[in-house]
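Quick notes on the structure that follows.
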Amino acid sequence: MTTNPALLDFQIVPNASPMPEAERLAAFENLGFGTLFTDHMAVVHWHVDKGWHSPEVSARKPFQIDPAASVLHYAQEIFEGMKAYKGADGRITLFRPEENARRFNKSAERMAMPDVPEELFLKAVEELVKIDAKWVPEGEGSLYLRPFMFASEAFLGVRPSREYIFCVIASPVGPYFKGGSKPVTLWVSEHYTRAAPGGTGAAKCGGNYAASLLAQKEAASRGCDQVVFLDAAEHKWIEELGGMNVFFVMDDNTVVTPPLSGTILPGITRASIIKLANENGLKVVERPYSFDEWMADARSGKLREAFACGTAAVVAAIGTVRHPGGEFVIGNAGTGIETEKLRNQLTGIQRGSVADVNGWVKEVTRV
Ligand code: PLP
Ligand code: COI
């Protein structure tokens with residue numbers, strides 16, 4: 001379906017009081033994750049009678065929404081996570097942005113929300129990156145982009161909203177984990193699960209993350225960085241972390257990752273790593289992998305490396321795994337050779353220092 005060209009014609013209203021240059025550069029000195037925001041945001045409205053309308057990029061500001069807006073009561077909300085990178089040559093690029101647009105619409109379908117035409121999604125992201133191009137950090141940092149959509153109709157009955165707001169905001173970020181690229185420690189949740197068959201695990205909806213917070217709190221209280229969720233039916237199979245997919249590198253050069261069974265998020269980093277690992281001569285097997293097998297393989301040395309991956313976390317080596325019965329380490333608890341290689345390849349492609357043979361990188365602008 002082609003999109004009405006008028007819909008892609010964003011009204012651009014520059015922020016009249018952007019953050020002063022010196023303040024922005026000072027904030028860039030110590031980038032964490034998701035606390036600093038750019039000067040603008042992209043907003044598009046949807047109404048059941050009008051469809052998508054009024055695309056605009058303007059100063060980032062709070063929304064005014066009715067206290068009865070259905071997102072506040074029934075959590076009809078979805079989001080995406082993607083990044084803009086600045087290469088050494090000043091090119092500002094996105095990594096596989098069409099995949100985010102497609103996944104956004106799969107999430108929308110699952111949450112009974114309207115489809116956002118792919119061109120509209122991409123245009124909103126690109127217009128925001130262009131106007132806030134100076135906010136894309138150099139070096140290791142990147143501009144994290146957060147497209148999201150929520151139900152804005154004031155109505156307390158339980159049914160899909162008749163009004164939505166689609167918005168994109170941007171945040172210059174450094175590493176997701178406080179320890180930077182140091183291996184992470186994981187907590188295996190015995191009690192809480194993230195997603196059940198038939199549920200919303202494969203959708204990127206806010207509710208999944210709300211449901212993970214108590215488990216994440218438990219993990220933090222055990223000194224862990226992230227939670228590993230097991231499957232809801234048998235509490236046996238490894239699914240994913242609260243915000244990342246997982247990979248296991250074996251001593252026979254096979255790499256195991258849990259299959260896309262409908263309960264885990266189909267990560268774009270996951271798909272890219274599968275492709276790169278296969279190109280590196282590793283054999284990637286998407287199959288159920290149990291917690292017992294994980295423990296046994298780590299102890300026997302069959303498991304050489306494990307890592308988590310996602311847009312925010314990039315590729316994070318897993319050093320130690322804690323669970324209610326004790327803990328175990330993977331390899332020498334450091335970053336494994338294949339993990340390091342995959343991380344360098346992925347980040348190299350994203351930043352333009354490694355050839356993009358798969359056509360994953362899309363230039364938005366140059367500075
Ligand atoms: N799994 C969950 C639950 C996530 O929130 C994310 C992050 O977006 C991922 C996996 C990784 O997905 P991607 O690689 O597309 O960022
Ligand atoms: C992302 O990686 O983009 C996510 O949405 C995950 C979250 C942990 C920030």
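Both counts, for ligands and for their atoms, begin at 1 and track the order of listing. All residue numbers refer to positions in the sequence shown, counting from 1.
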TODO: Considering the heavy atoms of Gly267, write down every atom of ligand 1 situated less than 4.0 Å from one of them.
DONE: 12 (O), 13 (P), 14 (O), 15 (O)

Open item on the list: Counting non-hydrogen protein atoms only, what is the nearest one to atom 5 (O) of ligand 1? Give residue, atom name and distance.
Closed with: Tyr209 OH, 2.4 Å

Open item on the list: Using heavy atoms and a 4.0 Å limit, tell me yes or no: is Lys204 in contact with ligand 1?
Closed with: yes

- [ ] Would you please test Glu293 and Arg287 for salt bridge (Lys or Arg N to Asp or Glu O under 4.0 Å) and show each step?
- [x] CA-CA 12 Å; Glu293 219 179 332; Arg287 69 158 174 99; 3.0 Å; yes

Open item on the list: Does Arg159 qualify as a cation-pi partner of Phe155, given the criterion of NZ or CZ under 6.0 Å from the six-membered ring centre and within 45 degrees of its axis?
Closed with: yes

Open item on the list: With no hydrogens and no angle check, just 3.5 Å: does a side-chain donor-acceptor pair link His40 and Asp132?
Closed with: yes

Task: Polar side-chain atom of His235 near backbone of Glu190 as donor-acceptor pair, under 3.5 Å - done: yes

Task: Asp231 side chain to Glu234 backbone, donor-acceptor under 3.5 Å - done: yes

Task: Close-range residues for ligand 2, whose non-hydrogen atoms fall below the 4.0 Å threshold - done: Phe79, Gly81, Tyr144, Arg146, Tyr176, Lys204, Gly243, Thr311, Ala312

Task: Closest protein heavy atom (residue, atom, distance) for atom 3 (C) of ligand 1 - done: Gly242 O, 3.2 Å

TODO: Using only heavy-atom distances, determine whether the side chains of Arg60 and Thr38 contain a donor-acceptor pair under 3.5 Å.
DONE: no

Task: Proximity winner for atom 15 (O) of ligand 1, if only heavy atoms of Arg96, Met244, Arg103 are counted - done: Arg103

Open item on the list: Looking only at protein heavy atoms, which one is nearest to atom 14 (O) of ligand 1, and what is the separation?
Closed with: Thr269 OG1, 2.5 Å

Task: Distance-only side-chain donor-acceptor flag, Asn253 / Glu338, under 3.5 Å - done: no

TODO: Return yes or no for this condition: an N or O of Gly310 is under 3.5 Å from an N or O of ligand 1.
DONE: no

TODO: For ligand 1, find out whether one of its N or O atoms is nearer than 3.5 Å to an N or O atom of Glu240.
DONE: yes

- [ ] From atom 9 (C) of ligand 1, work out which of Ala312, Ala271, Gly243 has a heavy atom at the shortest distance.
- [x] Gly243

TODO: Check the angle between the aromatic planes of Trp360 and Phe95 and answer parallel, tilted or perpendicular using the 30° and 60° thresholds.
DONE: perpendicular

Task: From CA spacing to verdict: side chain to side chain donor-acceptor pair (under 3.5 Å), Tyr164, Glu153 - done: CA-CA 7 Å; Tyr164 296 89; Glu153 186 189 0; over 6 Å; no

- [ ] Determine the interplanar angle of the Phe148 and Phe63 rings, folded into 0 to 90°, and report it as parallel if under 30°, tilted if 30 to 60°, perpendicular if over 60°.
- [x] perpendicular

TODO: Assess whether salt bridge (Lys or Arg N to Asp or Glu O under 4.0 Å) is satisfied between Glu80 and Lys204, documenting all intermediate values.
DONE: CA-CA 7 Å; Glu80 268 305 320; Lys204 207 159 165 57; 5.9 Å; no

Task: Heteroatom proximity flag, Arg270 to ligand 1, N/O under 3.5 Å - done: no

Task: Enumerated ligand 1 atoms positioned under 4.0 Å from heavy atoms of Arg194 - done: 3 (C)

Open item on the list: Tell me whether Asp89 contacts the main-chain N or O of Arg91 through its side chain, where contact means a donor paired with an acceptor under 3.5 Å.
Closed with: yes

Task: For atom 16 (O) of ligand 1, the protein heavy atom that lies nearest, with its residue and separation - done: Thr311 OG1, 2.6 Å

